[in-house]
Amino acid sequence: MADRLAGVPLAPYTTLRTGGPARAFTQARTQGELVAIVAEADREREPVLVLGGGSNLVVSDDGFDGLVVRVATRGVEVTARNSAADDGRVRVTVQAGEDWDALVARCVAEGWSGVECLSGIPGLVGSTPIQNVGAYGQDVAQTVAAVRVYNRRTGEVGDLAAAECGFAYRHSAFKHDPGRHMVLAVTYALERSPLSGPVAYKELAARLGVEIGARVPLADAREAVLELRRGKGMVLDRDDPDARSAGSFFTNPVLGPEEAAALALRAPGHPRWDMPDGTVKIPAAWLIENAGFPKGYERGRARISTKHTLALTNPTGEAGAAELLALAREVRDGVHEKFGVWLVNEPVLVGLSL
Ligand SMILES: Cc1cc2nc3c(=O)[nH]c(=O)nc-3n(C[C@H](O)[C@H](O)[C@H](O)COP(=O)(O)OP(=O)(O)OC[C@H]3O[C@@H](n4cnc5c(N)ncnc54)[C@H](O)[C@@H]3O)c2cc1C
């Protein structure tokens with residue numbers, strides 16, 4: 001089994017560059033190792049933090065008083081057919097430690113359609129079901145066929161079908177009950193097609209010069225998404241201080257009819273997406289900007305990205321988690337005061353609360 005190291009600083013393992021030392025740190029290169037490490041820590045009642053690419057984490061300046069397990073498992077297995085669901089889709093089973101964007105690039109090159117709009121999202125495959133990663137009209141809930149998990153309560157390894165994963169907007173059963181399942185591998189069911197799924201996002205359709213619902217060559221969809229993301233500082237780039245973030249810091253609030261009516265009174269004509277279930281999704285970026293927090297707004301050494309209102313950044317790498325959270329609280333409280341809507345953080349906070 002891999003060595004345990006003491007006092008490893010966590011900041012270099014997160015894209016926000018915050019986080020003090022881990023009491024113990026190790027990495028797992030095989031599924032068996034991953035299960036054995038976590039099972040032993042659970043037996044010893046040692047707190048565990050499962051670490052992927054660290055791109056959706058805000059770790060406390062005090063670090064983590066337990067064992068950090070970095071997922072470093074590798075492997076991609078391609079199955080042409082699945083006898084239980086013989087729909088002609090290719091099934092790709094990917095170990096949790098594989099890089100997500102490298103997988104997307106491969107899918108695009110192979111002619112496997114369904115994840116191309118998720119190009120450029122940082123992090124590892126095992127984290128994609130956790131918050132049902134999504135962008136530009138796609139999310140992984142549309143293509144996940146099964147998730148192989150280690151159930152830390154029962155000690156068993158098994159497969160969860162997509163319907164058992166509780167997928168919703170930036171949410172899942174895994175996020176709802178964080179300590180329960182460790183994701184070991186994910187199986188995606190992808191259409192064999194040189195074309196993207198129907199383009200479902202206005203900004204992407206405009207960039208591609210097509211109507212909503214059109215299908216375009218996979219490589220065109222990937223390139224257009226990457227260009228849009230670069231323009232917003234939403235791809236990892238060492239030279240871009242705006243990319244020192246955890247992506248969007250707040251989710252778009254989803255309001256029930258009464259809350260939506262109350263907001264419409266306070267902000268007539270505000271942008272909104274009416275959802276099929278009667279709820280209303282509000283762009284958090286609009287709320288933030290209209291509450292008085294423009295792009296580039298600073299508090300101490302933390303800053304709202306100069307390219308994208310939803311990303312809180314650590315532009316010099318010197319801000320601590322406490323400074324980032326102070327900015328997040330100021331924004332959240334300012335939006336609530338102006339619009340009566342509470343914003344909710346998207347990244348996972350470790351040893352911190354908003
Ligand atoms: C520049 C930038 C752009 C981004 N854009 C998007 C976007 O467009 N859409 C989007 O949805 N997200 C986006 N994100 C957020 C982030 O990239 C995703 O949430 C990603 O899936 C996180 O992966 P990770 O491996 O870095 O997870 P980590 O940050 O390492 O972990 C996130 C959480 O998942 C848990 N976890 C990790 N691996 C496992 C596992 N194998 N089993 C159980 N739990 C696990 C961790 O304990 C933690 O709670 C962006 C982030 C950045 C920095």
Side-chain angles (χ1 to χ4, degrees), residues 10 13-19 28 31 34-35 37-38 47-59 64 66-73 94-101 103-104 115 117-141 147-152 160 165 167 169-186 201 225-226 228-230 232-238 240-252 305 307-308 310-314 345-351:
L10 293 174
Y13 291 97
T14 71
T15 54
L16 252 180
R17 297 282 179 264
T18 72
Q31 264 195 33
L34 192 50
V35 170
I37 290 169
V38 174
V48 172
L49 171 64
V50 181
L51 176 69
S55 64
N56 211 26
L57 282 178
V58 189
V59 181
F64 183 70
L67 175 66
V68 173
V69 185
R70 188 165 184 234
V71 181
T73 54
V94 192
Q95 296 304 307
E98 287 284 343
D99 179 73
W100 170 251
D101 191 50
L103 177 69
V104 176
V115 291
C117 295
L118 305 176
S119 292
I121 298 181
L124 305 185
V125 163
S127 319
T128 60
I130 307 289
Q131 71 151 1
N132 179 22
V133 296
Y136 296 100
Q138 282 181 344
D139 59 31
V140 290
V147 180
R148 173 146 282 231
V149 294
Y150 169 63
N151 184 328
R152 292 170 63 186
L160 296 179
C165 296
F167 288 129
Y169 164 64
R170 284 311 83 72
H171 203 67
S172 71
F174 310 110
K175 196 162 179 179
H176 181 72
D177 191 358
R180 182 167 180 192
H181 289 117
M182 202 172 50
V183 174
L184 302 176
V186 185
Y201 202 84
V225 166
L226 288 174
L228 287 170
R229 296 185 69 96
R230 276 187 212 110
K232 296 178 188 172
M234 291 298 269
V235 286
L236 291 186
D237 176 351
R238 261 173 207 281
D240 182 357
D242 280 322
R244 260 166 243 144
S245 78
S248 298
F249 199 92
F250 297 107
T251 53
N252 293 318
S305 161
K307 304 189 188 81
H308 185 48
L310 272 188
L312 303 191
T313 67
N314 182 4
N345 55 293
E346 185 180 305
V348 175
L349 309 181
V350 177

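Sequence positions, counted from 1, serve as the residue numbers for this chain. When reading the values below, keep in mind they use all heavy atoms of this one structure, side chains included, and skip hydrogens, waters and symmetry mates. Indexing begins at 1, ligand by ligand and atom by atom, following the structure's order.
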- prompt: Where the side chain of Thr73 meets the backbone of Gly97, is there a donor-acceptor pair that is under 3.5 Å apart?
  reply: yes
Please tabulate, for the side chains in residues 49-59, all donor-acceptor contacts under 3.5 angstrom to protein atoms that are two or more places apart in sequence or on a different chain.
none

Residue list, salt bridge (Lys or Arg N to Asp or Glu O under 4.0 Å) with Asp242, at least two apart or on another chain: Arg303, Lys307
Report all N/O contacts between ligand 1 and the protein shorter than 3.5 Å as a table of atom names and distances to 0.1 Å; if there are none, say 'none'.
residue, atom, partner, partner atom, Å
ligand 1, 5 (N), Arg229, NH2, 2.7
ligand 1, 8 (O), Arg229, NH1, 2.9
ligand 1, 8 (O), Arg229, NH2, 3.3
ligand 1, 9 (N), Gly134, O, 2.8
ligand 1, 11 (O), Gln131, NE2, 3.1
ligand 1, 11 (O), Gly134, N, 3.1
ligand 1, 12 (N), Gln131, NE2, 3.2
ligand 1, 17 (O), Ser55, OG, 2.8
ligand 1, 17 (O), Pro122, O, 3.0
ligand 1, 19 (O), Asn56, ND2, 3.2
ligand 1, 19 (O), Gln131, NE2, 2.9
ligand 1, 23 (O), Ser127, OG, 3.3
ligand 1, 25 (O), Gly53, N, 2.7
ligand 1, 25 (O), Leu124, N, 2.9
ligand 1, 25 (O), Ser127, OG, 2.6
ligand 1, 26 (O), Gly53, N, 3.2
ligand 1, 26 (O), Gly54, N, 3.0
ligand 1, 26 (O), Ser55, N, 2.8
ligand 1, 26 (O), Ser55, OG, 2.6
ligand 1, 27 (O), Ser127, OG, 3.1
ligand 1, 29 (O), Ser55, N, 3.0
ligand 1, 29 (O), Asn56, N, 2.8
ligand 1, 30 (O), Gly52, N, 2.8
ligand 1, 30 (O), Gly53, N, 3.4
ligand 1, 30 (O), Gly54, N, 2.8
ligand 1, 38 (N), Ser127, OG, 3.4
ligand 1, 41 (N), Val183, O, 3.0
ligand 1, 42 (N), Val183, N, 2.9
ligand 1, 47 (O), Val50, O, 2.6

- request: Please check if the side chain of Asp139 supplies one atom and the backbone of Asn132 the other of a donor-acceptor pair under 3.5 Å.
  value: no
task: Kindly write out the residues that satisfy salt bridge (Lys or Arg N to Asp or Glu O under 4.0 Å) with Arg70, not counting sequence neighbours, or none if the list is empty.
output: none
message: So does Phe250 get a backbone contact from the side chain of Ser248, meaning a donor-acceptor N/O pair under 3.5 Å?
response: no
